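First the structure, in the form of structure tokens, and then the observations on it.
Quick caveat, the model's predicted, so the values are computed rather than measured.
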Amino acid sequence: MKTLTRGKAKSPERIIQFGEGNFLRAFVDWIIYRMNEKVSFNSSVVVVQPIETGMSQILNNQDGLYHLNMQGIHDGAEIDTIEMIDVISRAINPYSHFEDYSLLALNPDIRFIISNTTEAGIVFDKDCKINDTPPRSYPGKLTQLLYNRFVAFNGSDDKGLIIFPCELIFRNGDQLRKCIYQYAELWNLGSKFTEWFNVSCGVYNTLVDRIVPGYPKETINTILSRIGYDDKLVVKSEIFLNWVIEAPTSVASEFPADKIGLNVRFVEDENPYHELKVRLLNGSHTLLSPVGFLAGKNTVKDCMDDELICKYVRKVMFDELSITIDLPEKHINEFANNVIERFQNPYIKHLVTSIMLNSFSKFKTRDLPGLLIYADCKKELPKGIVLGLAAIITYYKGGKRGDSHIVLNDDRNVIDLLKKLWSTNNLGLVAEGVLEAEFIWGLNLNTVEGLTETLHGYLQKIQSAGMREVINSIV
């Protein structure tokens, strides 16, 4: 089997990427690969390992090369492709090669910073110092690099950087920018640096979405035989991707990711797109999981293969959640249809029980806003969403489904409350008690007109007739 190797990268290093993990390699780096191919973006990525342990050495051993295996459904057809991605020029571990890392600030070609350092990565650590080699936190490393660049180029306007954080944090750019200001103040970097950062650099909010299961252990031998290379960094992803960047057209013209036929958008306001993802993708997941489980299904794919449950999911998405989102109907329907295809992906085994983790807090953030908006606009309750809540409550009764025990994984206070309520053997008290739990919802939901009675009714029907009969009654 051949070794992955090549000569010098063919494009200049214009992008610094903090993070070498599966997501960035299957998402951003693949997009840059396409940009180089389709719009002559002509850029290489130099990867910075954000923590002491990582995969920079393995990347360098393979000259930055790796294969991406994309699998899923697109326009009704099953897709299974493998491509060699060649945009990473090298990887640097700043903890062992700090000088190499420091020199990146002096490279006049560098224009972009991209990161995914996990949700815990964008934090302000007051113990970080400007002279650390390197600072421990990602915002500390970035501020140090920006300051060194400011000094090296005498605050030149054309040496500012465009920064796209891809961490799964709402308004990630705002949070990263705040950390940089905090370090500038802590380290006394001066007003001229802050002015240069404000005028010459941009930190932009982004929303990223692509399922990346990672290294495909179960099928790796088949993949290696297909590619003919010994690749230790093969990464698997779904076909779908979504990247929303809250940035002006001037940024889009420099980073034309929206011009290569992919689902990438530059927008004035990220918020409605965040709501679109949270409600239609995450919200539907939160509802279909307990409904599907109580109907005897084990995976998301199993649910979508069942005609009745699929009708339920479509009702929730198209008839209920969709109308609560402030975006053009075309965008909403396009995204919803993509979600349906993602749920039907035969290559990803997504257990509904894994989605059930912390279901009440998930319902609060993903589904409750849609329930309240729908009720206010329509002057009636969204039956599918309320049924989903009834299914969650029923799941949290515990016990067994067939031969399998239901294992609850949630805040102890939530589990204790449900245990206490179910012990009353009074479904009316169960409905009222859950809805009045302000420590869960932040308000007493019994005040929502008709909700207590409707929820009580669904709880009774699930117990007496079973989940499938209840679904059939609303679809």
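- By the side chain to side chain donor-acceptor pair (under 3.5 Å) test, Ser289 pairs with no residue at all, sequence neighbours left out.
- Residues passing the side chain to side chain donor-acceptor pair (under 3.5 Å) test with Gln49, sequence neighbours excluded: Ser56.
- Residue pairs meeting the ring pair (Phe, Tyr, Trp, His ring centres under 6.0 Å) criterion with at least one member in residues 285-311, sequence neighbours excluded: His285-Phe343, His285-His350, Phe293-Tyr395.
- Phe112 meets the ring-ring contact (aromatic ring centres under 6.0 Å, His included) test with Phe41, Phe255; sequence neighbours excluded.
- For Thr353, there are no side chain to side chain donor-acceptor pair (under 3.5 Å) partners two or more places apart in sequence or in a different chain.
- Sorted by first and then second residue, the ring pair (Phe, Tyr, Trp, His ring centres under 6.0 Å) pairs with a member in residues 452-475 form an empty list; sequence neighbours excluded.
- Remark: side-chain polar atoms of Arg25 are paired, donor with acceptor, to backbone N or O of Leu233 under 3.5 angstrom.
- In this structure, a donor-acceptor pair under 3.5 Å is present between the side chains of Asp302 and Thr299.
- Screening residues 207-220 for side-chain hydrogen bond (donor to acceptor under 3.5 Å, both in side chains) gives Asp209-Arg342 as the qualifying pairs, with residues at least two apart or on separate chains.
- The ring-ring contact (aromatic ring centres under 6.0 Å, His included) search around His331 returns none, not counting sequence neighbours.
- Side-chain contact check for Phe360 versus Phe363: every heavy-atom pair is 4.5 Å or farther apart.
- Phe27 meets the ring-ring contact (aromatic ring centres under 6.0 Å, His included) test with Phe23, Trp243; sequence neighbours excluded.
- His67 meets the ring-ring contact (aromatic ring centres under 6.0 Å, His included) test with Tyr229; sequence neighbours excluded.
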Side-chain atoms of residues 410-417: list all donor-acceptor pairs with protein atoms under 3.5 Å, sequence neighbours left out, distances to 0.1 Å.
{"unit_1": "Asp410", "atom_1": "OD2", "unit_2": "Ser359", "atom_2": "N", "d": "3.4"}
{"unit_1": "Asp410", "atom_1": "OD2", "unit_2": "Tyr396", "atom_2": "OH", "d": "2.6"}
{"unit_1": "Asp411", "atom_1": "OD1", "unit_2": "Asn413", "atom_2": "N", "d": "2.8"}
{"unit_1": "Arg412", "atom_1": "NE", "unit_2": "Asp416", "atom_2": "OD1", "d": "3.1"}
{"unit_1": "Arg412", "atom_1": "NH2", "unit_2": "Asp416", "atom_2": "OD1", "d": "3.3"}

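- With sequence neighbours excluded, no residue forms a side chain to side chain donor-acceptor pair (under 3.5 Å) with Lys383.
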Inset, instruction - Might you work through the salt bridge (charged side-chain N to carboxylate O under 4.0 Å, His left out) test for Lys297 and Asp305, ending with a clear yes or no? - result: CA-CA 10 Å; Lys297 305 303 176 182; Asp305 286 344; over 6 Å; no
